[in-house]
Number of protein chains: 2
Amino acid sequence: MTEVKFRGDLGANSDSLFKALSDGTRRALLEYLVREGEQNVVALTAVAGVSQPMVSRHMGKLKRAGLVTARRTGRETWYAARTKGLGPVVQWMAIYGALWSQRFTPMEHAGD
Amino acid sequence: MTEVKFRGDLGANSDSLFKALSDGTRRALLEYLVREGEQNVVALTAVAGVSQPMVSRHMGKLKRAGLVTARRTGRETWYAARTKGLGPVVQWMAIYGALWSQRFTPMEHAGD
DNA sequence: AATTTTCATAATCATCTGGTTATGAATTGG
DNA sequence: CCAATTCATAACCAGATGATTATGAAAATT
C-alpha cells in the first residue's frame, strides 16, 4: 500500500539507499571508508562508537543499499565505499535539487 | 552517546534532513511540491495515499528539516518546497560523492 | 591440538516511526 | 447562528530499528 501514483522514484532500491543514509552512525562509517579506504570490521568497530555486531549489521545495510562492497579474505571482511552507489541519490538531487538550487557545481576541491 | 569522534557532519539538523528524506511518502510529497508549487493540505492529501493527519505530520517533519515552508492563511496551510533546504545534503554529496566519483554531472546519464 | 582472532547471527529490549481513527479549534459559508 | 471545511493534535497500535550481550563458525596463531 501507500501507493503514491505520482512518485518519481528511481527504482525500488533507492528507498533502501535513502534509508541507509538516514542513520548517522552509518553515514559516519561510510565517510570513514571514503576517507581512509578499505577497512576491516575491527578497524571500523574501533572508530564507530558501537559494538562489533552493530557494525556488522550497519555494514550489511550499506552493502544491500549498494554503498559498500565486501571482500572476504580469510577471517577478515574488508569493506570499501562503492563508487556508483550514490548514483540514484545524485540523480534525485539533480532532478529535485538542481531544479531549484543551481548551486549544484560540486566543486573540484573536496577538502580544500 | 553513540559518539563517533571522526564524524564530519554538517550541523545537527543535517541528521533531521537525511531522516526526513528517508521516507518515500515524504519524498513524494516534496517532489510534488517542487513540481506543482505551493499546495494546501487537502491537495496534498488527495495525492499522498495516506490520511490527512499523516500528511500533516509528514509536512511537520519536512518543515522542521527545513525542506518546506508553511504559510497559513485563514484555515488553510500552504506548503511550499524550500529552496535552500537541501543545501547540507548537496554539500555532503559534494564532499563524499565528488571524492570518489570524480564529478557528478547529474543530468547526462539518467539510466546509469 | 588448543587458543585466539575475526566476524556474523540470534535473542532481547526499548524506542522510534508510520499508520490509523477520533477530536477539537478555527475559519468560512449559508 | 449553525453547518461545513480545513487542519493539527491526541490516543493508540503494529512493525521497524538501533542497541546490547551471547554464541558459534571459521581462520590464524601458538
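We name chains A, B, ... by the order of the sequence lines, and we start the count at 1 in each one. Computed from a predicted model, the values in this text were never measured in an experiment.
Following rounding to the nearest Å, Asp23(B) (CG) and dG18(C) (C1') show an atom-to-atom distance of 7 Å. Lys61(A) has its NZ atom 8 Å from the C1' atom of dG18(D), to the nearest Å. The interatomic distance linking Arg27(B) (CZ) with dT17(C) (P) rounds to 16 Å, in whole Å. Going from atom CZ of Arg64(B) over to atom C1' of dT17(C) covers 12 Å, rounded to whole Å. If you take CG of Asp15(B) and P of dT17(D), they are 16 Å apart, rounded to a whole angstrom. Look at CD on Gln39(A): it is 16 Å from C1' on dC7(C), rounded to the nearest Å.
The nucleotide whose nearest atom lies closest to any side-chain atom of Thr25(A) is, among dT6(C), dA8(C), dA19(D), dA19(D). Taking only side-chain atoms of Arg72(B), from C-beta outward, the nucleotide of dC7(C), dA8(D), dG18(C) with the closest atom is dA8(D).
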- line: Its contact letters, B for base, S for sugar-phosphate only and - for none at protein heavy atoms under 4.0 Å, make nucleotides 20-30 of chain D read BBB----BSS-
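Trp92(B) has its side chain within reach of Leu86(A): a pair of non-hydrogen atoms, C-beta onward, lies under 4.5 Å apart. Side-chain contact between Thr77(B) and Arg71(B): absent, with no pair of heavy atoms (C-beta onward) separated by less than 4.5 Å.
Using a 4.0 Å cut-off, no side-chain N or O of His58(A) falls inside it from OP1 or OP2 of dT17(D). In this model, the phosphate group of dC16(C) is not approached by any side-chain N or O of Lys19(B) to a distance below 4.0 Å at OP1 or OP2. Put simply, Thr77(B) has a side-chain N or O that comes within less than 4.0 Å of OP1 or OP2 on dA8(D). Contact check, Tyr79(A) against dA8(C): a side-chain N or O comes under 4.0 Å of OP1 or OP2.
Phe18(A) carries Arg27(B) over the face of its six-membered ring, with the cationic atom under 6.0 Å from the centre and within 45° of the normal.
Legend: residues meeting side chain to side chain contact (heavy atoms under 4.5 Å, CB included) with Lys63(B), ordered by chain and number and at least two apart, are Val68(B), Ala70(B).
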